[in-house]
Protein chains: 2
Amino acid sequence: MKSAQAPSAEPLSKARLRVWLKLLKSVNGIETEIRRNLREEHGTTLPRFDVMSALARFPDGLKMSDLSSYLKVSNGNVTGIVDKLTEEGLALRVAVPGDRRAQVARLTAKGRAAFEDLAQHHEDWINTLLEGLSAGNVDALSAHLDSILDRQMEED
Amino acid sequence: MKSAQAPSAEPLSKARLRVWLKLLKSVNGIETEIRRNLREEHGTTLPRFDVMSALARFPDGLKMSDLSSYLKVSNGNVTGIVDKLTEEGLALRVAVPGDRRAQVARLTAKGRAAFEDLAQHHEDWINTLLEGLSAGNVDALSAHLDSILDRQMEED
DNA sequence: TCTAAATATTTTAAGCTTGAAATTTTAGGG
DNA sequence: CCCTAAAATTTCAAGCTTAAAATATTTAGA
């Protein structure tokens, strides 16, 4: 007895490769535009925005190591970015009582205000860039991404 | 008379922002794994793979400027990468007859062989990373990405 | 022919990113 | 108490990336 599925002209691995390239192109296009907006309209960068965004979610601050694992970047990376934000008065480091190795990074009031402004514009940019997606499209796309993300959870 | 659409607890812009973050997470997760495989198993990097991949598609070679616009990166960027590939005997620059400003970058035989090996592994890695997507999922996801990409075409 | 603008590429400075090494501090076993 | 391992962070070297400046060449117009 034959297989239930029709023979495909293209193996599934090729179709997956093709959709991967399309995924990459979509994300890179949006990311390039966001970086351009951040630079030209706000004189900042995406890594800085990402760090500020993480710190905004944790008003009590985040240990440097928690910040880097949250953002999935190296420890050394966040060191430099927090250094710069601190020089500009947007963030600060606070000693952790009871552990002199650790420090917690926090946004200053100025940093919070700057982030609120950036975040609103960021949402607007994304809303425009994803104009082609209806509410239904968003849900369907989200479900497909979940099946990719599920696999990533497993491997750690 | 009331609007046909039910009031949503969450505005569409928030839903789009959420799916954008998920898109980013999916792509970054896959990309990190590909970079790790390229580094640990083949001693190379994604930018080098991308350049080799572009050159492999154009056996007669690509002008440096065509290469950078094809890859959507800066001119200066490909200069450095082609320099390194050339030092290693994987690529070479050929003068363009009739225009002494321009040069065409090409893969050497060694470069083509190296790329074939990388490309096969790359397809395998993607096939595994996207294991969660059936053929039908791939097509549906692809359609959604098209509606994002369509918009990117417009703005140039 | 001369020359200004356009084109192709490389160079440069600044910032991002990583993995690995170095530093400081803490924790635990003897 | 001592000493080794683990943990938190920073420093470092190397590579990627960009925008802008510099260089070289070609094109087109006066």
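Atoms CZ (R35(B)) and P (dC16(C)) sit 16 Å apart, rounded to a whole Å. Rounded to a whole Å, the CG atom of D50(B) is 18 Å from the P atom of dG15(D). Residue L85(A) contributes atom CG, which lies 13 Å from atom C1' of dC16(C) at whole-angstrom precision. One interatomic measurement links the two molecules: NZ of K84(B) to P of dT17(D), which rounds to 11 Å at whole-angstrom precision. Distance, I81(A) CD1 to dT17(C) C1': 9 Å, rounded to whole Å. The separation between R48(A) atom CZ and dT17(D) atom C1' is 17 Å, rounded to whole Å. Rounded to whole Å, atom P of dT17(D) lies 20 Å from atom CD1 of I34(A). Atom-to-atom, CG of N28(B) to P of dC16(C) comes out at 16 Å; the value is rounded to the nearest Å.
Residues E131(B) and S147(A) form no side-chain contact, since every pair of their non-hydrogen atoms from C-beta on lies 4.5 Å or further apart.
For the pair E116(A) and R112(A), the salt-bridge criterion is not met [side-chain N within less than 4.0 Å of a carboxylate O]. A salt bridge does not link R18(A) with D139(B): none of the charged nitrogens is closer than 4.0 Å to a carboxylate oxygen. Between R36(B) and E33(B), at least one side-chain nitrogen of the basic residue sits less than 4.0 Å from a carboxylate oxygen of the acidic one, meeting the salt-bridge criterion. R48(B) has a carboxylate O that lies under 4.0 Å from a charged side-chain N of E88(B), or vice versa, which qualifies the two as a salt bridge.
The aromatic rings of H122(B) and F49(B) lie tilted to each other, with the angle between the two planes from 30° to 60°.
Within 4.0 Å (heavy atoms only), L46(B) reaches no atom of the nucleic acid at all.
Between dG19(C) and R39(B), a contact under 4.0 Å exists linking OP1 or OP2 to a side-chain N or O. Taking side-chain N and O atoms only, R100(A) has no distance below 4.0 Å to OP1 or OP2 of dT24(C).
For the contact set between residues 110-119 of chain A and DNA chain D, defined by any heavy atom under 4.0 Å, there are no members.
L149(A) and Y70(A) are assigned to two separate hydrophobic clusters, defined by single-linkage of ILVMFWY side chains at heavy-atom distances under 4.5 Å.
N127(A) and E123(A) share no side-chain donor-acceptor pair at under 3.5 Å. Side chains of S134(A) and N137(A): a donor-acceptor N/O pair is present below 3.5 angstrom, by distance only.
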Annotated protein contacts, base or backbone, on nucleotides 8-13 of chain C with a non-hydrogen cut-off under 4.0 Å, one of B, S, - each: SBBB--
